[in-house]
Student: 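Can you keep this structure in mind? I'll have questions shortly.
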Amino acid sequence: MKLIEQQKLSIYNSISKTKEIFTPINKGVVGMYVCGPTVYSNVHLGNCRTFLSFDLVFRYLKHLGYKVRYVRNITDAGHLENDGDSGEDRIAKKARMEMVEPMEIVQRYTIDFHTTMSHFNALAPSIEPTATGHIIEQIVIIEKILSEGYAYEVNGSVYFDVHKFNEEHSYGKLSGRNLEDMVANTRVLDGQSDKKNPQDFALWKKAEPEHIMRWPSPWSDGFPGWHLECTAMSTKYLGKQFDIHGGGMDLKFPHHECEIAQSEASTNVNPVNYWMHANMLTLNGKKMAKSTGNNILPSEIFSGDNTKLSKAFSATVTKFFMYQANYRSILDFSNDALLASEKGFNRLMDAYRMLSGIKASDNSDFDVSKWRQSCYDAMNDDFNSPILIAQLFEAAKIINSSKEEKISLSQSDIDLLQKTMSDFIFDVLGLEDSINIESNDSNKLSDAISILIGLRNQARANKDFATSDLIRDQLLDAGIQLKDGKDGTTFSLN
Ligand code: AMP
Ligand code: ZN
């Protein structure tokens, strides 16, 4: 039987606020859309956390054997400064400040995003469409919404009529807000806006003369509203109804709420079966954000070049730190937490490497099949990576005990343990063993360290402890830790 059939995956659906058994629309196939970055600056670690949360979802679905079409867009137009309908386009503003073309900004930060994601060993999505590549599709949707009577045109701009929509549909069902409360909590319009109601949102905005990112449309030379691109690109590539839509928690309202309204208004179909929202990474207890400067960049972590850090950390350790928390929990970033994750990750990898040297017995004292299923149970429970990692540490304990010959394992159980650890550590979590990354280089590195260990042993035999300590300490400074055990000296990379 295939893994898909054996394992019952449940997903926490933000719209029903419960965990639901996952049943895709088409058997064995999953359509997943995740809101991508707005490419006007370097992605910070908070952005990365959301994308890595969905990388885990993508990897696990694939691991189970689903054929996944994963669409993650690039927002290269329409996202205004205040997330609303006024202010400058973020990309155009940056381009103006730097006196370059908006598309130069888009290019630079798309490359930064891709490079960062590949450092984190995140898989590329199946399709990565851009907003500017789908202007025609967006115009077609606006025409449909207008013809259904859920939008109106004023002075070359088109707005979605939230009140009209709410008469026949329900606006606010994802975020749990209701329109009356929204009305009660909003200031009346100041007469400057073309909107009928403050809750209405732009589908198309007429461009002011100075606005350089503009396209022709039946209403004006202008640009699409931010929410519309995701409706256009998700339904174009996944159909008007698809399985999973994800994004950061902060996109639930208004962005995703407006996506539901646009889809229902144009197709009369609820577009998404499972809404998934990844929680925020915080720094000093506050959300990491580009706008406030309260953030840390992945490049700073990899180089250690930030006063908040005592040293550099690898991308794998940073990712391990993130996966030690559930994707639905807030996670606070700190140097101490990274140090602890690094120690934990090294312990796990030491145990994994040790597996091949374990002496097999005729029978086992540990039920490896049951343990393997508990790894699946953790991931089947809404991708619960911290529980999965706890299970992997359980295996590390067993490996250590069996190395010390306190418990026995049969060869077939050793093999299953190795396969399961490898499946989950490398395939599902997408972590990398630093020693295996460049196996050629790492062989050379291992050889060089072995030579140094030999020299240290010689110094010790000659009672030249000053030299032996110097070798150990200088290796430690270089991030290589020597460990003396009864079978000789081993090393691990910090
Ligand atoms: P943006 O480029 O601002 O559109 O954001 C890209 C993605 O990062 C969105 O899914 C956001 O929800 C997400 N995001 C932004 N800030 C954080 C944060 N501090 N922690 C986790 N995800 C975030
Ligand atoms: Zn989106």
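Atoms within each ligand, like the ligands themselves, are counted from 1 in listed order.
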Student: Checking R72 against F54: charged group under 6.0 Å from the ring centre and within 45 degrees of the axis?
Tutor: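 Judged by the rule, R72 and F54 form no cation-pi pair.
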Student: So is R69 actually on top of Y237's ring, under 6.0 Å and inside 45° of the axis?
Tutor: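 No cation-pi geometry.
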Student: Within the side chain of Q199, is there an N or O that forms a donor-acceptor pair under 3.5 Å with the backbone of L179?
Tutor: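 Answer holds: no.
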Student: Please work out which of the three classes, parallel, tilted or perpendicular, describes the rings of F160 and F201, given edges at 30° and 60°.
Tutor: parallel
Student: Any donor-acceptor pair under 3.5 Å linking the side-chain atoms of Y159 with those of D85?
Tutor: no
Student: Using a cut-off of strictly less than 2.8 Å, determine whether H255 has an N/O/S atom near the Zn ion (ligand 2).
Tutor: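 Under 2.8 Å: H255 contacts the Zn ion (ligand 2) through an N, O or S atom.
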Student: Pairwise, report which nitrogen or oxygen atoms of ligand 1 are under 3.5 angstrom from protein nitrogen or oxygen atoms, and how far apart they are.
Tutor:
from	atom 1	to	atom 2	distance (Å)
ligand 1	2 (O)	T38	N	2.9
ligand 1	2 (O)	K290	NZ	3.3
ligand 1	4 (O)	T38	OG1	3.3
ligand 1	5 (O)	N47	ND2	3.4
ligand 1	8 (O)	N47	ND2	3.0
ligand 1	10 (O)	G248	N	3.1
ligand 1	12 (O)	G248	N	3.4
ligand 1	12 (O)	D250	OD1	2.4
ligand 1	19 (N)	L281	O	3.0
ligand 1	19 (N)	M288	N	3.4
ligand 1	19 (N)	M288	O	2.7
ligand 1	20 (N)	G46	O	3.4
ligand 1	20 (N)	L281	N	2.8
ligand 1	22 (N)	G46	O	3.0
ligand 1	22 (N)	T50	OG1	2.7

Student: Report, rounded to 10°, the angle at the Zn ion (ligand 2) between the two atoms SG (C35) and SG (C230).
Tutor: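 If I round to 10°, I get 130°.
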Student: With sequence neighbours excluded, what pairs up with D250 under the salt bridge (Lys or Arg N to Asp or Glu O under 4.0 Å) test?
Tutor: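 If we apply the salt bridge (Lys or Arg N to Asp or Glu O under 4.0 Å) test to D250, skipping adjacent residues, the hits are K287.
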Student: Strictly below 4.0 Å, N to O, side chains only: are R108 and D112 in salt-bridge contact?
Tutor: no
